[in-house]
Amino acid sequence: MKKVLLGLTTSLVSTGAIAAPMACDGLTAEALGLSGVRLTEVAAVPAGEESPVNACRVRGVMAERTGMDGKPYALSFELNLPEDWNGDYVHQFNGGNDGEVKAATGGLKSGTGSDTPLARGYAVVSSDAGHDGKANPDKGLAGGANFGFDFEARQMYGYKAVATLDPVARQAVQAFYGADIDHAYGVGCSNGGRHAMVAASRMPEAFDGLLIGAPGFNLPKAALQHAHDVQNFMSINGALKTAFTPDDLKLVGNGVRAACDALDGLEDGLVQNSAACQDAFDVTTLQCAEGQNSACLTEAQVTVLQNIHAGPKGANGEQLYSDWPWDTGIEGGNWRFWKLESPIPPWGNRPIIGVMGSGSLAQVFTTPPTDVEGSPEALEQFLMGFDLKARAGDIYATTAEFPESAMEVMTPPGSDNPELAQFRDAGGKMLVFHGVSDAVFSVNDTANWYGKLDANNGGKAADFARFYPVPAMSHCSGGPGAEDFDLFTALVDWVENGTAPEAIPARARDGNEEVPETLKGEETVLCPAPQTAHYTGTDPKSASSFTCQ
């Protein structure tokens, strides 16, 4: 049981004898024992559209200041206190560039099952990580990353926001209920997964359990991939959205299935044995033969796919980020949304990497930051003009105004050679999951991280940390695979009952139109790496027919 309040002290009863909670109406920061916090809204919210359960919703701001760029900053948060509290707490880590207080439910589309932690009775806090993403409308599409011109805002986004908010949120929870928190969990995907990994390194005693999805723990390195991708795609015909048609990518997805689907013992449209698939699939087999002009890829397209899967290289041929696996999710809408094309007219239908990714590389992940225009055309041109061989080192650069590099600010300390001894020795547990078809953070990067963690723990990392690759899943959710699963329940069972997770049931989400017909209605399993799921039974619709090997 963790009761780390980082300097705050309380004298409370145990959750075995919870006193009556405070009244929500009229609740003040002073009543909760909070200083330096300004509550902006307190409301009793009935179960319904705004909340899955009756809860007291508290919204507030703290750490208000004027930045080095002369602009106002604050750490804004939402804390939901359920009427029927189970005695536990969840810190919800949000994704993207943050900059917005997402509803504090603790739920992920994939990873937490159908019921959010709030619905299960957990007190949940969420924040904007110390900046308002809509504060700079004059910067156009680059406005959400303009906070990168303020060093402390970078720090808050990188590692200070969670450490600053967490003890305050816990103080509020314990004061409101008049009882100690029993168990503390952290949950997040993408940048939220990075926040969780940072917490494991910088706050090793704070959380009993961490659920970490698609962690962008090498965020600045992954941003270099955006320039690499755009430059390669544009080399085909000068336009991102037409570099590959949906049919082109469907051809690749089907090619991967044809080469690899049977490797797990069942041809169901899902490639479970991704490691073996990398040797079995050869993208050059999809290249047009002489005289062929349909149902094939041009030589230029094949070369570009090989380049982006190999990852960006530096001036001396060094790997700047990671390589990427071949997987069926390349045909999915999420992969296309990140890499090639969006349905958003104000973006000029450019993909996420060409808008959000470009603004972030320019203003947050390189030092000094670059003032970039916020039009879709200017953001695309920034990536086109970004010289990877000359500028890759900018993610490690410092100046007098920015004394910590983007890598120092964003990455978990020690992540290049992880051991997590303090988190391990404090009794912490973590479950990491990552879509094999993630288009923004490579699952290979996470797999390499876990391999080092295991080696540095004498081959026993599984005693406190387990990694679940999710075949065909896109970034955090989606894709033509079984991306409906519940790892949060497994994490809680591990923390509170000592039951280490093994095979986790997974199924295709209802309404996912990208799932092959052969996979609909099937229940399979996710396996902790390095194991993969193999069909060993007789009923493809039953998870019991799959074993982890």
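For the single chain, residues carry numbers from 1 onward in sequence order.
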Enquirer: Treating T116 as the side-chain partner and G107 as the backbone partner, does any N or O pair qualify as donor plus acceptor under 3.5 Å?
Expert: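 No: the side chain of T116 does not pair with the backbone of G107.
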Enquirer: Using 0.5 Å steps for rounding, measure from the CG atom of N512 to the CG atom of D484.
Expert: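 Those atoms lie 10.0 Å apart.
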Enquirer: Using side-chain heavy atoms (C-beta onward) and a distance below 4.5 Å, is T370 in contact with R391?
Expert: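 In contact.
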Enquirer: Is K313 atom NZ crowded by more than 12 heavy atoms from other residues, nucleotides or ligands, each under 6.0 Å away?
Expert: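 Check passes, neighbour count above 12.
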Enquirer: Of all heavy-atom pairs between S442 and P325, which one has the smallest distance, and what is that distance?
Expert: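 Heavy-atom minimum between the residues: OG-CD, 4.2 Å.
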Enquirer: Is there a side-chain hydrogen bond (donor to acceptor under 3.5 Å, both in side chains) between S235 and N232 once you walk through the steps?
Expert: CA-CA 5 Å; S235 73; N232 271 278; 5.0 Å; no
Enquirer: For F433 together with F485, are the ring centres under 6.0 Å from each other?
Expert: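 Yes, ring centres under 6.0 Å apart.
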Enquirer: Rounded at 0.5 Å granularity, tell me how far OH in Y157 sits from CG in N191.
Expert: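 So the OH of Y157 and the CG of N191 are separated by 3.5 Å.
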Enquirer: Got a sec: does the CD of E373 have more than 12 other heavy atoms crowding it under 6.0 Å?
Expert: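 Check fails, neighbour count at 12 or below.
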Enquirer: Taking all non-hydrogen atoms of both residues, which atom of S477 and which atom of S474 are closest, and how far apart?
Expert: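 Minimum heavy-atom contact is O-CB, 3.3 Å.
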Enquirer: What is the ring orientation for Y450 with F467, classed by angle as parallel under 30°, tilted 30 to 60°, or perpendicular over 60°?
Expert: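 Taking F467 first and then Y450, their aromatic rings sit tilted (interplane angle of 30° to 60°).
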Enquirer: Will you find, in the side chains of S360 and N97, an N or O donor that is under 3.5 Å from an N or O acceptor?
Expert: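 Present: a donor and an acceptor within the cut-off.
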Enquirer: State, to 0.1 Å, how close I308 and W324 come at their nearest heavy-atom pair, and which atoms those are.
Expert: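 Taking every non-hydrogen atom into account, O-CD1, 3.3 Å.
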Enquirer: Do side-chain atoms of E522 reach the backbone of L519 as a donor and acceptor pair under 3.5 angstrom?
Expert: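 Answer holds: no.
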Enquirer: Report yes or no: does D208 contribute a side-chain atom to a donor-acceptor pair with the main-chain N or O of K429 at less than 3.5 Å?
Expert: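 Side chain of D208 to backbone of K429: no pair is present.
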Enquirer: What is the minimum heavy-atom distance between D98 and H195, and which atoms define it?
Expert: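 So the minimum-distance heavy-atom pair works out to OD2-NE2, 3.0 Å.
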Enquirer: For the side chain of D264 and the backbone of A533, is there at least one donor-acceptor N/O pair under 3.5 Å apart?
Expert: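 Pair absent, no side-chain N/O of D264 close to backbone of A533.
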Enquirer: Can you tell me how far the CD atom of Q272 sits from the CG atom of L266, to the nearest 0.5 Å?
Expert: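 If I round to the nearest 0.5 Å, the distance is 8.5 Å.
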Enquirer: Is N146 reaching over with its side chain to a backbone N or O of G143, donor-acceptor style, under 3.5 angstrom?
Expert: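 It does not hold such a pair.
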Enquirer: Test your reading of the model: is there a side-chain donor-acceptor pair from D261 to the backbone of D268, 3.5 Å cut-off?
Expert: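 Yes, D261 side chain to D268 backbone: donor-acceptor pair under 3.5 Å.
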Enquirer: On the six-membered ring of F233, is R336 placed so that its NZ or CZ lies under 6.0 angstrom from the centre and within 45° of the ring axis?
Expert: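 No - R336 does not lie over the ring of F233 by the 6.0 Å and 45° rule.
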Enquirer: Start with the C-alpha gap between T367 and T398, add the side-chain angles, then the distance that decides, and say whether side-chain contact (heavy atoms from CB on, under 4.5 Å) holds.
Expert: CA-CA 6 Å; T367 303; T398 62; 5.6 Å; no
Enquirer: Would you compute the distance between atom CG of L108 and atom CZ of F93 and round it to the nearest 0.5 angstrom?
Expert: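 These two atoms lie 11.0 Å from each other.
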Enquirer: Say you draw a straight line from CD of E404 to OH of Y159; how long is it, rounded to the nearest 0.5 Å?
Expert: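 Here the interatomic distance stands at 3.5 Å.
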Enquirer: Restricting to non-hydrogen atoms, name the atom on A406 and the atom on F365 that form the minimum distance, rounded to 0.1 Å.
Expert: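 It is CB-O, 3.4 Å.
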Enquirer: Nearest 0.5 Å, what's the CG-CZ distance between D454 and R466?
Expert: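 Between atom CG of D454 and atom CZ of R466 there are 10.5 Å.
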Enquirer: Under the criterion side-chain hydrogen bond (donor to acceptor under 3.5 Å, both in side chains), I'd like the reasoning laid out for S415 against N218: C-alpha separation, chi angles, the key distance, then a yes or no.
Expert: CA-CA 9 Å; S415 59; N218 274 320; 4.8 Å; no
Enquirer: For residues D247 and T245, is any side-chain donor paired with an opposing acceptor at under 3.5 Å?
Expert: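 No, because no side-chain N or O of D247 sits under 3.5 Å from a partner of the opposite role on T245.
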Enquirer: Salt bridge check, R257 against E267: does any charged N sit closer than 4.0 Å to a carboxylate O?
Expert: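 Result for this pair is no, no salt bridge flagged.
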Enquirer: Pair T536, Q549 - check side-chain contact (heavy atoms from CB on, under 4.5 Å), show working.
Expert: CA-CA 10 Å; T536 54; Q549 301 177 7; 3.4 Å; yes
Enquirer: Classify the side-chain pair E419/N417 by whether it contains a donor and acceptor separated by less than 3.5 Å.
Expert: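 Distance-only check fails for E419 and N417.
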Enquirer: Using only atom types and a distance under 3.5 Å, with no angle test, would you say the side chain of R194 pairs donor to acceptor with the backbone of G158?
Expert: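 Such a contact is found between R194 side chain and G158 backbone.
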Enquirer: Looking only at non-hydrogen atoms, find the nearest pair between G269 and P516 and report the distance.
Expert: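 Nearest heavy atoms, G269 then P516: O-CG, 4.0 Å.
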Enquirer: Taking side-chain contact (heavy atoms from CB on, under 4.5 Å) as the criterion, tell me which of I353, D229, D438 meets it with W338.
Expert: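 Result for side-chain contact (heavy atoms from CB on, under 4.5 Å) with W338: I353.
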Enquirer: Side chains of F244 and V252: does their closest heavy-atom pair fall under 4.5 Å?
Expert: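 F244 does not reach V252 side chain to side chain.
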Enquirer: Could you name each residue pair satisfying disulfide bond (SG atoms under 2.5 Å apart) that touches residues 518-549, not counting sequence neighbours?
Expert: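 Qualifying pairs: C527-C548.
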Enquirer: For R350, does its backbone N or O pair with a side-chain atom of S342 as donor and acceptor, under 3.5 Å?
Expert: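 Answer holds: yes.
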Enquirer: Walk me through whether K250 and N254 qualify under side-chain contact (heavy atoms from CB on, under 4.5 Å).
Expert: CA-CA 6 Å; K250 183 71 173 178; N254 283 335; 3.8 Å; yes
Enquirer: Kindly say whether G253 contributes a backbone atom to a donor-acceptor pair with the side chain of T328 at under 3.5 angstrom?
Expert: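 Here the side-chain-to-backbone pair does not exist.
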Enquirer: Using distance alone, with no hydrogens and no angle criterion, decide if S126 and N94 have a side-chain donor and acceptor under 3.5 Å apart.
Expert: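 S126 vs N94: donor-acceptor pair found between side chains.
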Enquirer: So do C277 and V256 actually touch side chain to side chain, heavy atoms under 4.5 Å?
Expert: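 SC-SC contact between V256 and C277 confirmed.
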Enquirer: May I ask you to check whether over 12 heavy atoms, not counting those of Q422, lie within 6.0 Å of atom CD?
Expert: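 No, CD of Q422 has 12 or fewer neighbouring heavy atoms, counting only those of other groups under 6.0 Å.
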Enquirer: Report the residues that fulfil ring pair (Phe, Tyr, Trp, His ring centres under 6.0 Å) with F386, sequence neighbours left out, ordered by chain and then residue number.
Expert: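 Once residues adjacent in sequence are excluded, the partners of F386 under the ring pair (Phe, Tyr, Trp, His ring centres under 6.0 Å) criterion are F382.
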Enquirer: Parallel, tilted or perpendicular for F441 and H475, by the 30°/60° rule?
Expert: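 Rings of F441 and H475: perpendicular, as their planes differ by over 60°.
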Enquirer: Would you check, one step at a time, whether the test side-chain contact (heavy atoms from CB on, under 4.5 Å) holds for M430 with L420?
Expert: CA-CA 11 Å; M430 66 166 60; L420 294 177; 3.6 Å; yes
Enquirer: Is it true that E483 and R509 have a side-chain N and a carboxylate O under 4.0 angstrom from each other?
Expert: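 A salt bridge links E483 with R509.
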Enquirer: Is there a donor-acceptor contact under 3.5 Å linking the side chains of D327 and S437?
Expert: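 Side-chain D/A pair, D327 to S437: present.
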Enquirer: Taking CD in E299 as the centre, count heavy atoms belonging to other residues, nucleotides or ligands within less than 6.0 Å. Is the count above 12?
Expert: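 12 or below, so no.
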Enquirer: Can you tell me how the ring of F488 sits relative to the ring of Y185, calling it parallel under 30°, perpendicular over 60° and tilted otherwise?
Expert: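 Judged by the thresholds at 30° and 60°, the geometry between F488 and Y185 is perpendicular.
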Enquirer: Any sub-3.5 Å donor-acceptor pair from Q363's side-chain atoms to F147's backbone N or O?
Expert: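 Not confirmed, Q363 side chain does not pair with F147 backbone.
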Enquirer: Should we say atom NZ of K109 is surrounded by more than 12 heavy atoms from elsewhere, each under 6.0 Å from it?
Expert: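 No, because the 6.0 Å sphere around NZ of K109 holds 12 heavy atoms or fewer from other groups.
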